[in-house]
Each structure stands twice: as C-alpha cells, then as structure tokens.
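Indexing begins at 1, ligand by ligand and atom by atom, following the structure's order.
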Amino acid sequence: MLRLRDVTKTYDGKSEVTALAGITLTIDPGEMVAIMGPSGSGKSTLLNLFGGLDVPTSGQVMVAGKDLAGENEKERSLFRRSKISYIFQAYHLMPTLKVSQNVALPLHLAGVSSTEISRRVAQALKDVGLESRANHLPDELSGGERQRVAIARALVTGAPLLLADEPTGNLDSARGEEILKLLRTIHRERGTTIVMVTHDHHAASACDRLISLRDGRVEGDGAVGGGK
Ligand SMILES: Nc1ncnc2c1ncn2[C@@H]1O[C@H](COP(=O)(O)OP(=O)(O)O)[C@@H](O)[C@H]1O
Ligand SMILES: [Mg+2]
C-alpha cells in the first residue's frame with residue numbers, strides 16, 4: 001500500500017531543516033501501524049508524504065502502486081480523494097458548514113447521490129456518537145466533539161487507506177478508547193490500511209506494528225503485542 005525508498009525531506013527557510021533523513025519502509029495493504037517519536041522527529045511530514053499532501057525532496061514514495069512524486073497537484077488530488085482519507089491534527093472543519101455538511105463534503109466532491117450521502121453521513125455520525133450534533137456548527141462543539149466530526153468525515157468515504165495524526169490526542173480516555181475500538185473495527189471489517197501518528201502508548205498498542213522515528217530516521221520497527 002505504501003512504499004518509501006531513500007526518502008528525504010528538507011525545508012528551506014532561514015536555516016535548512018531536515019525533517020526526514022532517509023526513510024525506506026513498506027506498509028502492506030491491511031496493516032494497522034502506529035508511528036511514534038519525539039516532537040519534531042518527522043511524524044507529520046511522513047504522514048503528509050503518505051497522503052500525497054507533500055512531495056519528498058529526494059527518493060520515491062509509492063502509494064497504492066502510484067509514484068506520487070511524478071504526478072502534478074491536480075492528479076494527486078484526484079488520487080487522494082478516491083484512495084485516502086485523512087484525520088488531521090487540527091481537524092480542518094469548515095466553520096460555516098453544519099456537522100452533517102462537513103461530514104458529507106468528501107462525498108459531494110466524489111459525486112455520490114444525495115440519498116446515498118444522507119445514509120452514509122447518518123451512519124458515520126452514529127459510529128462516532130454524534131447523531132445529536134448533526135445540525136450544529138463546529139464552533140458550537142467541544143474539542144473532542146470536533147475531533148470526532150473529523151473522524152466521521154474520514155470514515156464516510158470508505159477509502160482503503162486511512163491516515164490519522166493524533167486521532168485520540170484531544171479526547172478523554174473513555175472517548176479515546178471508543179475511537180480506537182472504532183478504528184480497529186473499520187480495519188477488521190473493511191480491511192482498511194490504517195497509519196496513525198500518536199504520542200500515546202496505549203493507542204499504539206491498538207495497532208499491529210509500531211514504527212519509531214527519531215531525527216527523521218526510523219529508529220525501530222516491529223510488531224506490537226496488543227492488536228485486539
Ligand atoms: N513547513 C515547514 N517549514 C519548515 N520546517 C518545517 C515545516 N514543517 C515541519 N518542519 C520541521 O521539520 C521537522 C519535523 O516536523 P514534523 O514532521 O512536524 O514533526 P512531528 O510531527 O514529529 O512533530 C521539525 O523540525 C519541524 O520544525
Ligand atoms: Mg506532528
């Protein structure tokens with residue numbers, strides 16, 4: 001599903017920053033993987049490359065058999081829409097749209113019929129426990145609720161690859177636990193490949209494999225005992 005070869009990413013600015021310093025790894029279809037590492041170790045940068053939101057400075061990134069570095073922004077965006085869903089650290093909800101409209105957005109972009117949209121949005125909101133908030137605006141919700149809207153929006157498309165940046169970061173432990181359970185169910189029932197950046201060892205233990213980053217390099221990569 002994901003294959004990186006000798007990938008580096010540097011940011012130019014006042015001084016050059018090396019975010020990724022040579023990463024080679026493969027994530028197979030149907031894996032559920034946690035990525036951990038100290039702040040600044042390159043986790044978000046790596047996830048953005050997986051998601052085609054950014055391109056590497058050097059090296060190759062293959063996502064679902066496609067070399068995204070060779071594609072222009074428009075092609076990458078079309079590809080993303082059908083194959084990848086993304087739970088952002090900062091939610092990125094549209095402030096003027098109601099919760100249900102935010103969740104429906106990727107389906108509208110994909111040209112899904114309105115009856116089908118209503119059905120899938122209702123199910124996704126039920127999955128994250130937010131049926132009663134469908135007609136609210138994002139700024140009427142708590143941080144944790146907004147996070148759940150972002151999760152519903154990511155689940156609604158049924159994309160085969162789900163990328164999540166700290167999906168339980170703003171949730172209390174009970175809610176966090178529910179979301180982890182939900183992600184595992186999606187993973188098991190739909191075979192969705194899930195890559196999740198997290199600071200939380202408990203969240204990582206819900207995954208089957210843990211990749212640790214340090215200073216833009218893979219420091220560790222192995223099976224997790226916990227996968228339930
Ligand atoms: N747009 C950017 N411009 C310049 N430096 C960046 C940018 N994004 C990330 N960085 C730097 O790259 C490094 C890795 O960042 P990031 O991938 O966000 O780490 P993490 O998610 O592990 O905290 C950090 O040193 C960060 O400051
Ligand atoms: Mg980050």
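With salt bridges taken as basic N to acidic carboxylate O contacts below 4.0 Å, none links Asp67 and Arg3. Using a cut-off of 4.0 Å between Lys/Arg side-chain N and Asp/Glu carboxylate O, Lys181 and Glu178 are scored as not salt-bridged. For Glu73 and Arg80, the salt-bridge test passes: some basic side-chain N is under 4.0 Å from an acidic carboxylate O.
Scanning all protein heavy atoms for the shortest distance to atom 18 (O) of ligand 1 gives Ser44 CB, 3.7 Å. Looking only at protein heavy atoms, the nearest one to atom 9 (C) of ligand 1 is Tyr11 CE1, 3.4 Å. The closest protein non-hydrogen atom to atom 14 (C) of ligand 1 is Gly40 O, 3.4 Å.
Around NE2 of His92, the count of heavy atoms belonging to other residues, nucleotides or ligands within 6.0 Å exceeds 12.
The proximity of Thr45 to ligand 1, defined as any non-hydrogen pair under 4.0 Å, involves the side chain as well as the backbone.
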Determine all donor-acceptor pairs shorter than 3.5 Å in which one atom belongs to a side chain in residues 14-38; sequence neighbours excluded.
from  : atom 1 : to     : atom 2 : distance (Å)
Thr24 : OG1    : Asp6   : N      : 3.0
Thr24 : OG1    : Asp6   : OD1    : 3.4
Glu31 : OE1    : Arg209 : NH1    : 3.3
Glu31 : OE2    : Asp28  : N      : 2.7
Glu31 : OE2    : Arg209 : NH1    : 2.9

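Metal site remark for the Mg ion (ligand 2): Ser39 contributes no N, O or S atom at a distance under 2.8 Å.
Ring planes of Tyr86 and Phe88: parallel class, angle under 30° (limits at 30 and 60°).
Within a 4.0 Å radius of atom 11 (C) of ligand 1, the protein contributes at least one heavy atom. Contact annotation for atom 27 (O) of ligand 1: protein absent (non-hydrogen atoms, distance under 4.0 Å).
Side-chain contact between Leu107 and Val156 is present, with heavy atoms from C-beta onward closer than 4.5 Å. With a 4.5 Å cut-off on side-chain heavy atoms, Thr45 and Asp54 do not count as touching.
Interface of Val17 with ligand 1, defined as ligand atoms under 4.0 Å from a residue heavy atom, comprises 11 (C), 12 (O), 25 (O). Below 4.0 Å from some heavy atom of Pro38 lie the following atoms of ligand 1, by number and element: 22 (O).
Residue contacts with ligand 1: Gly13 is excluded, as none of its non-hydrogen atoms falls under 4.0 Å.
At a 3.5 angstrom cut-off on N or O pairs, Gly42 counts as close to ligand 1.
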